[in-house]
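Encoded as structure tokens, the structure appears first; notes follow it.
By convention in this document, chain letters (A, B, ...) are assigned in the order of the sequence lines, proteins followed by strands, and residues within each chain are numbered from 1. Since this is a predicted model, take the numbers as computed values, not measurements.
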Amino acid sequence: MPELPEVETIVRGLKPLVEGRLIESVEIVAGLVVKSPIDAVEGQIIRATRRLGKNVLFECTRGILSIHLGMTGKLLADGALTPYTRVIFHLNGATLLYDDIRQFGRLHYAPELPQHLALIGPDPLRLEASDFLARLKRKKGRIKPLLLNQHFLAGLGNIYVDEALFRAGIHPNTLVSAISKPRAARLHTAIQETLHEAIHHGGSSISDYVDAAGRKGSFQERHRVYDREGAPCIHCGTPIRRIVIGQRGTHFCPKCQKG
DNA sequence: ACTAATGTTGTAGG
DNA sequence: GCCTACAACATTAG
């Protein structure tokens with residue numbers, strides 16, 4: 001569910017509500033999502049809250065609590081408990097809930113940034129065009145699975161890859177080696193513009209996503225291809241097509257996005 | 001009943 | 001080592 005813009009929106013909402021607070025206790029309702037002894041954060045203060053790719057990081061007094069929301073994870077400040085509440089963080093003066101229907105999310109605690117997070121790729125919003133081009137040049141295969149790979153760039157998911165490729169006029173099946181330099185530069189711009197606009201609109205709420213206050217985003221109303229199979233392309237009117245690439249549903253305009 | 005869903009990871013094969 | 005396909009994880013919605 002939550003890609004970079006959704007996680008960014010959650011972190012921005014959470015920041016003023018949790019930073020500086022003491023984690024008094026942690027209640028693990030369902031242990032499936034908990035991957036390391038996170039109750040070690042009890043008694044620690046949340047010094048900073050930030051996003052790393054699609055992960056939410058809570059930098060505490062003596063270590064880092066990292067949360068990946070999987071497909072249906074939610075972090076809710078002072079929300080109501082549901083049948084899907086998996087972890088409850090009791091803070092001094094606030095409650096933070098981790099809700100997750102499918103339980104694909106993961107919570108970790110460690111004194112240092114865990115290896116699986118230290119190895120992810122750069123943030124697409126902080127990546128210069130020249131660096132993006134240099135990284136692309138070293139890769140083989142098709143562009144869509146590459147953009148979904150968190151070791152290449154950290155934060156893009158299925159929605160924003162389809163949207164960015166549409167804006168750049170690139171067919172999702174295109175071999176990376178066949179993308180010209182100007183076209184790759186256009187892709188870099190398209191990725192950043194799409195992410196910035198999505199953050200501005202509070203992310204995309206397709207089915208589950210809500211921010212830390214429980215509010216939906218509105219960027220789904222501005223999707224140009226994602227979840228628009230059969231609907232007319234905003235540029236040429238051609239029906240948007242849906243195919244499968246790399247085992248993921250892929251949406252594109254067959255006229256505006258040629259190989 | 002069947003399929004697909006905003007994600008990641010381990011395994012196997014080319 | 002790199003890339004791809006597939007299954008698995010658990011649950012809901014159409």
Please give the distance between the P atoms of C:dG1 and B:dT8 as a whole number of Å.
22 Å

Taking atom P of C:dC2 as reference, at what distance in whole Å does atom NZ of A:Lys139 sit?
7 Å

OP1, OP2 of B:dT8 versus side-chain N and O of A:His68: anything below 4.0 Å?
yes

Is A:Leu153 reachable from A:Leu133 through a run of hydrophobic residues whose side-chain heavy atoms are each under 4.5 Å from the next?
yes

Taken to the nearest whole Å, CG/A:Leu148 to P/B:dA5 is 12 Å

Integer-rounded Å distance: C:dC3 P and A:Leu147 CG
13 Å

With side chain to side chain contact (heavy atoms under 4.5 Å, CB included) as the test, pick out the partner of A:Leu81 among A:Val29, A:Leu76, A:Ile88.
A:Ile88

Which base, if any, makes a Watson-Crick or G-U wobble pair with C:dA10, both distances under 3.5 Å?
none

At 4.0 Å (heavy atoms only), tell me whether A:Tyr160 reaches a base, stays on the sugar-phosphate, or touches nothing.
nothing

A:Ile143 CD1 to C:dT4 C1', in whole Å, measures 16 Å

Just N and O in the side chain of A:Lys140: are any of them under 4.0 Å from OP1 or OP2 of C:dG1?
no

Among the nucleotides C:dA5, C:dC3, B:dG7, whichever has the atom closest to the side chain of A:Lys54 is B:dG7

Starting from the 5' end of DNA chain B, give me the residue, A:Gln150 or A:Gly249, whose nearest nucleotide shows up first.
A:Gly249

Main chain of A:Leu148, side chain of A:Gln150: is a donor-acceptor contact present, judged purely on distance under 3.5 Å?
yes

Distance in angstrom units between A:Lys35 NZ and B:dT8 P, rounded
15 Å

The side chain of A:Gln247 is closest to which nucleotide in this list: C:dC3, C:dT4, C:dC6?
C:dC6

Just the rounded figure in Å: distance from C1' of B:dA5 to CD of A:Gln220.
15 Å

Just call it for A:Arg242: base, sugar-phosphate, or nothing, with non-hydrogen atoms closer than 4.0 Å on any strand.
sugar-phosphate

Do A:His188 side-chain atoms and A:Asp131 backbone N/O form a donor-acceptor pair below 3.5 Å?
no

In whole angstrom, give the distance that lies between atom CG of A:Leu175 and atom C1' of C:dC2.
14 Å

Taking only the side-chain nitrogens and oxygens of A:Arg248, find out if one of them lies under 4.0 Å from OP1 or OP2 of C:dA5.
no

Ignoring hydrogens and angles, tell me if any N or O in the side chain of A:Thr9 forms a donor-acceptor pair with the backbone of A:Pro5 under 3.5 Å.
yes

Can you figure out which of B:dA5, B:dG7, B:dT8 approaches the side chain of A:Glu3 most closely?
B:dG7

Passes side-chain hydrogen bond (donor to acceptor under 3.5 Å, both in side chains), A:Asp162 versus A:His251? Steps please.
CA-CA 6 Å; A:Asp162 282 4; A:His251 313 75; 2.8 Å; yes

Does one side chain, of A:Thr72 or A:Tyr84, offer a donor that lies under 3.5 Å from an acceptor on the other?
no

When you measure from the side chain of A:Glu6 to the backbone of A:Glu3, do you find a donor-acceptor pair of N or O atoms at a distance under 3.5 Å?
yes

Under 3.5 Å, N/O pairs linking protein and nucleotides 9-14 of chain B:
none

What integer distance in Å separates A:Leu146:CG from C:dC3:P?
8 Å

Quick one, give me the B/S/- string for nucleotides 8-14 of chain C, reading 5' to 3', where B means a protein heavy atom under 4.0 Å from the base and S means that only happens at the primed atoms, P, OP1 or OP2.
-BBBS--

Does a side chain donor of either A:Thr85 or A:Asp99 reach within less than 3.5 Å of an acceptor in the other side chain?
yes

Look at the rings of A:His235 and A:Phe166 and say which category their plane angle falls in: under 30° parallel, 30 to 60° tilted, over 60° perpendicular.
parallel

